[in-house]
Amino acid sequence: MLKIKRKNTVRRVIGLTLLEMMLALAGMSLIGSAIASMLVAVSYGTQADKDLRGLITKQMALRSRLSAEVRESSMVLDRGDGYLFLWINDDDESETPNLSEITLIEFDADAQALNVYQAPAAPSSDPAYDLAVSFVTQTSGVKGTADFPATRWASEISAFETTLDQGIVQSARLVSFRMTLLAGDEQDEVVGAAALRNGGDE
């Protein structure tokens, strides 16, 4: 009688055990965290570079604007904490400044902005002002109206101050200025100076 031998066969189950799956998930989460950290670092660096470029551009523009405004003026009429009144030119040769002949540069601390007030080409009224009286007081009624509107030169400014080369304001010939500019987490100072033209003869 013949005996038939049967071979014992072992079936291999192909798949992942629970432990292997947990290890795989842990590895993937570590890789994901590393990628996320790299992206945050790259994003932060890009934003910082952008803020720095913005500061440099704003710094150059403001220094140029302020210097040009001073150089085009013939007299400093009044100066105080955060403001500067300039007499551009005695167009009507009256020897007194009219509204259409003056410029006010003013720092708004609440809005962190630098504003410039100037009359339009044809204001509805063009009053003359007394050189011996405060220009803050004299222009308070028209400041911000259609006859003396504000133009915003720049935002995100935390400080603005001016100094003159002489103690008598209306005899000054040189205006120095300093501003602190902000952009995100970056800040920078703008420092400059400009001379007024001599008696408006240029």
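Each residue takes its place number in the sequence, starting with 1. Computed from a predicted structure; not experimentally measured.
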Minimal non-hydrogen separation, Ala111 against Arg152, with atom names: CB-NH2, 3.9 Å
Check whether the side chains of Ser100 and Asn98 place a donor and an acceptor atom closer than 3.5 Å, and report yes or no. no
Grouping ILVMFWY residues whenever side-chain heavy atoms fall under 4.5 Å, the cluster of Met75 otherwise contains Leu77, Tyr83, Phe85, Trp87, Leu99, Ile102, Leu104, Tyr117, Tyr129, Leu131, Phe135, Val136, Val142, Phe148
Under the salt bridge (Lys or Arg N to Asp or Glu O under 4.0 Å) test, residues paired with Glu69 that sit two or more places apart: none
With the 4.5 Å side-chain cut-off for hydrophobic clustering, are Trp153 and Phe177 part of the same group? yes
If Ile, Leu, Val, Met, Phe, Trp and Tyr residues are connected whenever their side-chain heavy atoms lie under 4.5 Å apart, and connections chain through other members, are Val175 and Val169 in the same group? yes
Please report the C-alpha distance between Thr103 and Ile88 in whole Å, then the side-chain angles of each, then the deciding distance to 0.1 Å, and finally whether the side chain to side chain contact (heavy atoms under 4.5 Å, CB included) criterion is met. CA-CA 7 Å; Thr103 294; Ile88 306 303; 3.4 Å; yes
Heavy-atom nearest pair, Val70 first then Ala194, reads CG1-O, 3.5 Å
Distance-only, no hydrogens or angles: does the Lys143 side chain make a donor-acceptor pair with backbone N or O of Pro149 under 3.5 Å? no
Measure across Leu164 and Arg79 and return the closest heavy-atom pair with its distance rounded to 0.1 Å. CG-CD, 3.6 Å
Taking all heavy atoms of Ser124 and all of Asp147, pick out the closest pair and write down the distance. OG-OD2, 2.6 Å
List, one per line, each side-chain donor-acceptor pair under 3.5 Å for residues 60-68, sequence neighbours excluded.
unit_1: Arg63; atom_1: NE; unit_2: Val191; atom_2: O; d: 3.3
unit_1: Ser67; atom_1: OG; unit_2: Arg63; atom_2: O; d: 2.8

To the nearest 0.5 Å, how far apart are CD1 in Ile157 and CG in Leu181? 5.5 Å
I'd like to check Ser134 versus Asp78 (side-chain heavy atoms, cut-off strictly below 4.5 Å). Are they in contact? yes
Do Phe160 and Ile105 pass the side chain to side chain contact (heavy atoms under 4.5 Å, CB included) test, and can you show the C-alpha distance, the side-chain angles, and the key distance before you say yes or no? CA-CA 10 Å; Phe160 173 74; Ile105 300 170; 4.1 Å; yes
Donor-acceptor pair, distance only, cut-off 3.5 Å: does the side chain of Asp108 make one with the backbone of Asp110? yes
How long is the gap from CZ on Arg197 to CZ on Arg173, to the nearest 0.5 Å? 9.5 Å
Give the minimum heavy-atom separation between Thr96 and Ala128, together with the two atoms involved. OG1-CB, 3.9 Å
Taking all non-hydrogen atoms of both residues, which atom of Val76 and which atom of Leu196 are closest, and how far apart? N-CD2, 3.6 Å
Taking side-chain contact (heavy atoms from CB on, under 4.5 Å) as the test, write out the residues that go with Ala159, two or more places apart. Thr180
Walk me through it: do Gln118 and Thr151 pass the test side chain to side chain contact (heavy atoms under 4.5 Å, CB included)? CA-CA 8 Å; Gln118 289 177 320; Thr151 300; over 6 Å; no
CD (Glu95) with more than 12 external heavy atoms under 6.0 Å: no
Once you round to the nearest 0.5 Å, how far does CD of Glu101 lie from CG of Asn89? 7.0 Å
Any luck finding a side-chain donor-acceptor pair between Gln166 and Ser171 under 3.5 Å? no
Should Glu106 and Leu114 be marked as a side chain to side chain contact (heavy atoms under 4.5 Å, CB included) after you check the CA-CA gap, both sets of side-chain angles, and the distance that decides it? CA-CA 6 Å; Glu106 183 180 56; Leu114 190 67; over 6 Å; no
Show which residues join Leu174 in its hydrophobic cluster (side-chain heavy-atom contacts under 4.5 Å, direct or indirect), or state none. none
Any donor-acceptor N or O pair under 3.5 Å, side chains Asp188, Gln59: yes
Nearest-0.5 Å distance that lies between atom CD in Glu161 and atom CE in Met179: 10.5 Å
Kindly write out the residues that satisfy salt bridge (Lys or Arg N to Asp or Glu O under 4.0 Å) with Glu93, not counting sequence neighbours, or none if the list is empty. none
